[in-house]
Amino acid sequence: QVQLEESGGGLAQAGGSLRLSCVASGRAFSGSRFYMGWFRQAPGKEREFVAVMEQSSRYTSYADSVEGRFTISRGNDRNTVNLQMNNLKPEDTALYYCAASGSVIRSMVRAASAYGYWGQGTQVTVSS
């Protein structure tokens, strides 16, 4: 059983920064299809892709809306992923979920359905 534990988030003003972290436990993933990343869901909206990293090659993918403002990285431990969020905007307000999978096809990395493990979510609120 895999568990994802998120930390970080909170309240920030527009233009400010926040950092999210996620640690996966319960299973040792290996291979070149182990991805960890972030999705978000605002009230009344569908869950949307934010950013993802392949934990071995460090290949990354970002949503257009966060490209250049958010940076995803991994810790020394392949089971850790961080999301540095800079120049935050009110439209970044959402519940942010950590996601992980050991068998993602690269063409599907932006699809929520490709991930079998999810965290509980951490709230990010950006005030104008």
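Side chains included, hydrogens not; waters and symmetry mates left out as well; all remaining heavy atoms used.
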*Any link between Leu20 and Val50 through a network of hydrophobic side chains (Ile, Leu, Val, Met, Phe, Trp, Tyr) touching at under 4.5 Å?*
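Yes, because Leu20 and Val50 connect within a single hydrophobic cluster, where side-chain heavy atoms sit under 4.5 Å apart.
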
Which heavy atom of [X] sits nearest to which heavy atom of [Y], and what is that distance?
X: Met36; Y: Ile72; value: O-CD1, 3.9 Å
X: Ala63; Y: Arg110; value: CA-NH1, 4.3 Å
X: Asn87; Y: Ser17; value: N-OG, 4.4 Å
X: Ala42; Y: Ala94; value: N-CB, 3.9 Å
X: Tyr62; Y: Ala51; value: CD2-CB, 3.6 Å
X: Leu95; Y: Gly121; value: CD1-C, 3.8 Å

*Test Val109 against Tyr115 for side chain to side chain contact (heavy atoms under 4.5 Å, CB included), laying out the working first.*
CA-CA 8 Å; Val109 297; Tyr115 298 85; 3.8 Å; yes

Spatial distance of atom [atom1] ([X]) from atom [atom2] ([Y]) [nearest 0.5 Å]:
X: Gln13; Y: Leu88; atom1: CD; atom2: CG; value: 11.0 Å
X: Glu54; Y: Ser101; atom1: CD; atom2: OG; value: 11.0 Å
X: Ser103; Y: Arg33; atom1: OG; atom2: CZ; value: 5.5 Å
X: Leu11; Y: Leu18; atom1: CG; atom2: CG; value: 8.0 Å
X: Ser128; Y: Glu91; atom1: OG; atom2: CD; value: 10.0 Å
X: Met108; Y: Arg106; atom1: CE; atom2: CZ; value: 14.5 Å

*Is the NZ or CZ atom of Arg78 both under 6.0 Å from the centre of the six-membered ring of Phe34 and within 45° of that ring's axis?*
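Relative to the ring axis of Phe34, which defines the angle, Arg78 lies outside at least one limit.
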
*asked:* Would you say Gln84 and Asn82 are linked by a side-chain donor-acceptor pair, where the criterion is simply a distance under 3.5 Å?
replied: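 Checked: Asn82/Gln84 side chains show no N/O donor-acceptor pair below 3.5 Å.
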
*asked:* Do Trp38 and Cys98 have side chains that approach each other closer than 4.5 Å (heavy atoms only, starting at C-beta)?
replied: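 Sidechains of Cys98 and Trp38: in contact.
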
*Do the side chains of Gln55 and Met53 get nearer than 4.5 Å, heavy atoms only?*
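Counting from C-beta outward, Met53 and Gln55 do come under 4.5 Å.
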
*Only one of Val52, Val81, Ile105 clears side chain to side chain contact (heavy atoms under 4.5 Å, CB included) with Tyr35; which?*
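With Tyr35 as partner, side chain to side chain contact (heavy atoms under 4.5 Å, CB included) holds for just one option, Val52.
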
*Of Asp92, Val126, Val124, which meets side chain to side chain contact (heavy atoms under 4.5 Å, CB included) against Met85?*
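Only one option passes, and that is Val124.
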
*Taking atom CD of Glu48 as the centre, report whether more than 12 heavy atoms of other residues, nucleotides or ligands fall under 6.0 Å from it.*
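More than 12 heavy atoms, drawn from other residues, nucleotides or ligands, come within 6.0 Å of this atom.
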
_Heavy-atom count check: over 12 atoms from other residues, nucleotides or ligands less than 6.0 Å from Gln123 CD?_
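Atom CD in Gln123 is packed in, count exceeds 12.
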
*Would you say Glu6's side chain and Gln120's backbone share a donor-acceptor pair under 3.5 angstrom?*
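Such a contact is found between Glu6 side chain and Gln120 backbone.
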
*Quick one: does Arg74's side chain have a donor or acceptor within less than 3.5 Å of a partner on Asn76's backbone?*
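Confirmed, Arg74 side chain pairs with Asn76 backbone.
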
*Over 60° means perpendicular and under 30° means parallel, so classify the ring planes of Phe70 and Tyr96, tilted if in between.*
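Rings of Tyr96 and Phe70: tilted, 30 to 60°.
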
